[in-house]
Amino acid sequence: MRIETITTVLDLIGVFINALLGGSVARRREMDLFGYIMIGTVSGLGGGLIRDVLLQHGPPLALTNPLYIPIALAGAGLAFLLKFTEEDWNRVFYVLDAIALCVWAAAGAQRTLAAGLGWLPAILLGTITAVGGGATRDLLVQRVPAVFGGNGLYASVAVLVAAVQVVCSGLGAPTVVGTVLGILAGTLLRLVAYRRGWNLPVGLELKPRDVMGQIAHPPLPGRRRGKKPGPGNQHG
């Protein structure tokens, strides 16, 4: 199977799942049909549009391939028709979200490598492809994008998937091998991180004045700070 075909299939899978997730957000916000279409389409196509604009290889695929927009509309429409209970949705959402995240990270890395760019841009654009649509969707509904934390490992999973794709490509392995390994590893990590509550660290509490003071005036060996030496510790 050609690399272009694999990448397009992955792209379309990501479009459908992310449009479905976007439609679910519209349902939670009690939007009308137009809201479902807009949020679902932005969620489904946003990451790929950002990637293709940055690659500057002609018009974005979402505008030239006749399948992208209908599939995004189908995902949003399915969310409009089907109503999940909160418990069902919580169980389904994280699985779909993990799969979509990893599928798009692999597709973004593949398309960047196919454009002749290096390994670092491939990881960067793979990550942007994976998180761009969801971040844009979250901004439209005025909530902090999941990529900024508080939602388990997210962007770091996309980085891992894109990196696996790049490494396998560099070793000469078939594209399908890197894709399968990356998606499986990323999906597993994302789900385990959600179940166990794993997150990246937040800001530390170090104060610049204290740090600079320790560098400029390090404590003398054998002497505790803030205590003057007694008569028995003085040397004549």
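The structure displayed is predicted, hence computed values, not measured ones.
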Inset, instruction - Please confirm whether the backbone N or O of L153 pairs with a side-chain atom of R190, one donor and one acceptor, at under 3.5 Å? - result: yes

Inset, instruction - Find the distance between CG (D11) and CZ (R51) and round it off to the nearest 0.5 Å. - result: 4.5 Å

Legend entry - For the student: nearest non-hydrogen atoms of G40 and A76, plus distance: CA-CB, 4.0 Å

Legend entry - pair C168-L181: side-chain heavy atoms closer than 4.5 Å: yes

Inset, instruction - Any ring-ring contact (aromatic ring centres under 6.0 Å, His included) involving residues 23-44? Give me the pairs, sequence neighbours left out, ordered by first then second residue. - result: Y36-F80

Inset, instruction - Work out which heavy atom in V147 is nearest to a heavy atom in Y154; give both atom names and the distance. - result: CA-CD2, 3.7 Å

Inset, instruction - Please confirm whether the backbone N or O of L21 pairs with a side-chain atom of S24, one donor and one acceptor, at under 3.5 Å? - result: yes

Inset, instruction - Give a yes-or-no answer on whether the side chains of Q110 and T175 include a donor-acceptor pair shorter than 3.5 Å. - result: no

Legend entry - N65 side chain vs L61 backbone, donor-acceptor pair below 3.5 Å: no

Legend entry - Test item: T129 and T112 side chains (from C-beta on) under 4.5 Å apart, heavy atoms: no

Legend entry - Gap between atom CG of L101 and atom OG1 of T127 - 0.5 Å precision: 8.5 Å

Legend entry - Closest contact, heavy atoms only, I39 versus A26: CB-CB, 4.5 Å

Legend entry - ILVMFWY network linking L96 to V9, side-chain heavy atoms under 4.5 angstrom: yes

Legend entry - In one Ile/Leu/Val/Met/Phe/Trp/Tyr side-chain cluster, 4.5 Å: V25, L139: no

Legend entry - Residue pair V157 / G186: nearest heavy atoms and the distance that separates them: CG1-O, 3.3 Å

Inset, instruction - Please report the C-alpha distance between R137 and R143 in whole Å, then the side-chain angles of each, then the deciding distance to 0.1 Å, and finally whether the side-chain contact (heavy atoms from CB on, under 4.5 Å) criterion is met. - result: CA-CA 9 Å; R137 172 200 67 210; R143 71 182 189 187; 3.9 Å; yes

Legend entry - Side-chain hydrophobic cluster, 4.5 Å single linkage: members besides L171: V167

Inset, instruction - Please check if V164 and V192 belong to a single hydrophobic cluster, counting links between Ile, Leu, Val, Met, Phe, Trp and Tyr side chain heavy atoms closer than 4.5 Å. - result: yes

Inset, instruction - With the side chain counted from C-beta on, respond yes when L73 and I37 share a heavy-atom pair under 4.5 Å apart, and no when they do not. - result: yes

Inset, instruction - Measure from the side-chain N and O atoms of S169 to the backbone N and O of Q165, and report whether any donor-acceptor pair falls under 3.5 Å. - result: no

Inset, instruction - State, yes or no, whether a side-chain contact exists between R28 and V141 at a heavy-atom distance under 4.5 Å. - result: no

Legend entry - Heavy-atom donor-acceptor pair, T41 side chain to A72 backbone, under 3.5 Å: no

Inset, instruction - Enter the distance from I17:CD1 to L12:CG here, rounded to the nearest 0.5 Å. - result: 11.5 Å

Inset, instruction - Could you tell me whether the side chain of R27 and the main chain of L82 form a donor-acceptor pair under 3.5 Å? - result: yes

Legend entry - Minimum heavy-atom distance V103-G14, with the two atoms named: CG1-N, 4.0 Å

Legend entry - SG on C102 to CG on L160, rounded to 0.5 Å: 8.0 Å

Inset, instruction - Return yes when atom CE of M38 has more than 12 non-hydrogen atoms of other residues, nucleotides or ligands closer than 6.0 Å, and no otherwise. - result: no

Legend entry - Euclidean distance, N18 CG relative to I71 CD1, rounded to 0.5 Å: 13.0 Å

Inset, instruction - Examine L55 and L113 and state if one hydrophobic cluster contains both, with Ile, Leu, Val, Met, Phe, Trp and Tyr joined whenever side-chain heavy atoms are less than 4.5 Å apart. - result: no

Legend entry - Shared hydrophobic cluster, L189 / V159 (ILVMFWY, side-chain heavy atoms < 4.5 Å): no

Legend entry - Contact check, side chains of T8 and Y68, non-hydrogen atoms, under 4.5 Å: yes

Inset, instruction - Please report the closest heavy-atom contact between A122 and A162, naming both atoms and the distance. - result: O-CB, 4.3 Å

Legend entry - Donor-acceptor contact below 3.5 Å, side chain W104 vs main chain G126: no

Inset, instruction - Could I get the full list of side-chain contact (heavy atoms from CB on, under 4.5 Å) partners for L54, not counting sequence neighbours? - result: I50, L125, I128

Legend entry - Inter-residue atom distance L49.CG - T136.OG1, 0.5 Å rounding: 9.0 Å

